[in-house]
Student: 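Handing you a structure now.
Since the structure is predicted, the reported quantities are computational estimates derived from the model, not experimental observations.
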Amino acid sequence: MTSPTFSLCVYCGSRPGAHPAFIDTARAVGEWIGSRGGQLVYGGGRNGLMGVVAEATLAAGGRVVGIIPKALVEKEWAHHGCTELHVVDTMHERKRMMAERADAFVALPGGIGTFEEFFEVWTWRQLGYHDKPVGLLNVGGYYDGLETFLRTGVEQQFMNAWQMDLIRVGRDPASLLPELVQSAGLAPAPRIEAI
């Protein structure tokens, strides 16, 4: 297999969620990555949206790099069909390796782990530890409350508008994902559709 055209880190739930739109979107994200010769970097799980996005990426011809802590492998949550499956000792090592292997990041619906990973990579961007694009895919209004809360943080002067500008929020993977890849410097604007 040739080198991937881009590497997108996806944070998402290890559960499927309550609405079919969550699964449909995870599948669409994986298909988008795989059909464009991309690489998925994710938490290495086979359950929930994590498993859906990994399977869809593989089915569409993309590479999948899973990075999972040993404790979760022992619970039999690992996706052994990944192109690469890295078993690490700690969550810190997992997140560091995921960040190193990615050109951009996007959070789909998920729970506390997804929130934590999204906020951490956003914080790292703010502090200058990386300059990779960070996206939030707001499927079916799942993140509406979070968007409102974040704007409140700016209004109450605990955050600045430039910090909000460090994330890109979208409702449709077909528009948000190309924007993230383009912002990573992997495709000039006229060629984004070729990816």
Student: Please round to the nearest 0.5 Å and tell me the distance separating atom CD of Glu120 and atom CZ of Arg96.
Tutor: 12.0 Å

Student: Show the nearest heavy-atom pair for residues Trp124 and Ala99, with the distance to one decimal.
Tutor: CZ3-CB, 3.7 Å

Student: With a 4.5 Å cut-off on side-chain heavy-atom distances among I, L, V, M, F, W and Y, is there a chain of contacts connecting Met164 to Trp162?
Tutor: yes

Student: If you measure from CZ on Arg94 to CG on Asp89, what distance do you get to the nearest 0.5 Å?
Tutor: 13.0 Å

Student: Could you work out, with side chain to side chain contact (heavy atoms under 4.5 Å, CB included) as the rule, every residue matching Arg15, not counting sequence neighbours?
Tutor: none

Student: Please check this pair: side chain of Asn47 against backbone of Ser14, looking for a donor-acceptor N/O pair closer than 3.5 Å.
Tutor: no

Student: Grab the two heavy atoms, one from Gly45 and one from His79, that are nearest each other, plus how far apart they are.
Tutor: O-CB, 3.6 Å

Student: Out of curiosity, Met97 CE to Thr90 OG1, how far, rounded to the nearest 0.5 Å?
Tutor: 11.5 Å

Student: In terms of side-chain geometry, is the basic nitrogen of Glu55 or Arg27 positioned less than 4.0 Å from the acidic oxygen of its partner?
Tutor: no

Student: So do Asp144 and Asn138 actually touch side chain to side chain, heavy atoms under 4.5 Å?
Tutor: yes

Student: For the CG atom of Leu146 and the CZ atom of Arg151, what is their distance to the nearest 0.5 Å?
Tutor: 9.5 Å

Student: Heavy atoms, side chains only, cut-off 4.5 Å: are Tyr42 and Cys82 in contact?
Tutor: yes

Student: Determine the sole option in Val134, Val10, Val121, Ile167 for which the side chain to side chain contact (heavy atoms under 4.5 Å, CB included) test with Val106 is passed.
Tutor: Val10

Student: Side chain of Thr5, backbone of Arg36: donor and acceptor closer than 3.5 Å?
Tutor: yes

Student: State the CD-CE distance between Glu93 and Met98, to the nearest 0.5 angstrom.
Tutor: 13.0 Å

Student: Just so I know, are the side chains of Val181 and Asp103 near enough to count as touching, which here means a heavy-atom distance under 4.5 Å?
Tutor: no

Student: Taking Gly43's backbone N and O only, do any of them form a donor-acceptor pair with Tyr11's side chain (distance below 3.5 Å, no angle check)?
Tutor: no

Student: Given the rule that I, L, V, M, F, W and Y join up when any side-chain heavy atoms are under 4.5 Å apart, are Val139 and Ile112 in one cluster?
Tutor: no

Student: Compare every heavy atom of Pro16 with every heavy atom of Ile23, then report the nearest pair and how far apart it is.
Tutor: CD1-CB, 3.8 Å

Student: Could you pull out all residues at least two apart from Phe118 that satisfy ring pair (Phe, Tyr, Trp, His ring centres under 6.0 Å)?
Tutor: Trp122

Student: Which pairs, with at least one residue in residues 105-117 and sequence neighbours excluded, count as a salt bridge (Lys or Arg N to Asp or Glu O under 4.0 Å)?
Tutor: Lys95-Glu116

Student: Between Leu136, Leu137, Val169, Val29, which is the residue that forms a side chain to side chain contact (heavy atoms under 4.5 Å, CB included) with Leu176?
Tutor: Leu137

Student: So which heavy atom on Ala54 is nearest to which on Val64, and how close?
Tutor: O-CG2, 3.7 Å

Student: Which heavy atom in Gln126 sits nearest to a heavy atom in Leu166, and how many Å separate them?
Tutor: CA-CD1, 3.6 Å

Student: To check you understand the geometry: which heavy-atom pair defines the closest contact between Ala28 and Pro173, and what is its length?
Tutor: CB-CG, 4.2 Å

Student: Got a sec: does the CG of Leu127 have more than 12 other heavy atoms crowding it under 6.0 Å?
Tutor: yes

Student: Around atom OH of Tyr129, are there more than 12 heavy atoms of other residues, nucleotides or ligands at under 6.0 Å?
Tutor: no

Student: Would you list the pairs meeting salt bridge (Lys or Arg N to Asp or Glu O under 4.0 Å) in which at least one residue belongs to residues 129-141, sequence neighbours left out?
Tutor: none

Student: Measuring from Gln39:CD to Thr83:OG1, what's the distance to the nearest 0.5 Å?
Tutor: 7.5 Å

Student: If we only count heavy atoms from C-beta on, is the Thr25 to Arg171 side-chain gap below 4.5 Å?
Tutor: no

Student: May I ask you to decide if Arg101's main-chain N or O and Ser7's side chain share a donor-acceptor pair within less than 3.5 Å?
Tutor: yes

Student: Show which residues join Val73 in its hydrophobic cluster (side-chain heavy-atom contacts under 4.5 Å, direct or indirect), or state none.
Tutor: Ile68, Leu72, Trp77, Leu85, Val87

Student: Does anything in residues 86-112 pair up under ring-ring contact (aromatic ring centres under 6.0 Å, His included), and if so which pairs, sequence neighbours excluded?
Tutor: Phe105-His130

Student: Using the rule given for side-chain contact (heavy atoms from CB on, under 4.5 Å), can you reason through His19 versus Tyr142, listing the C-alpha separation, both sets of side-chain angles and the distance that settles it, and then say yes or no?
Tutor: CA-CA 10 Å; His19 300 288; Tyr142 182 74; over 6 Å; no

Student: List the steps, then state whether side-chain contact (heavy atoms from CB on, under 4.5 Å) holds for Leu108 with Thr114.
Tutor: CA-CA 8 Å; Leu108 277 60; Thr114 302; over 6 Å; no

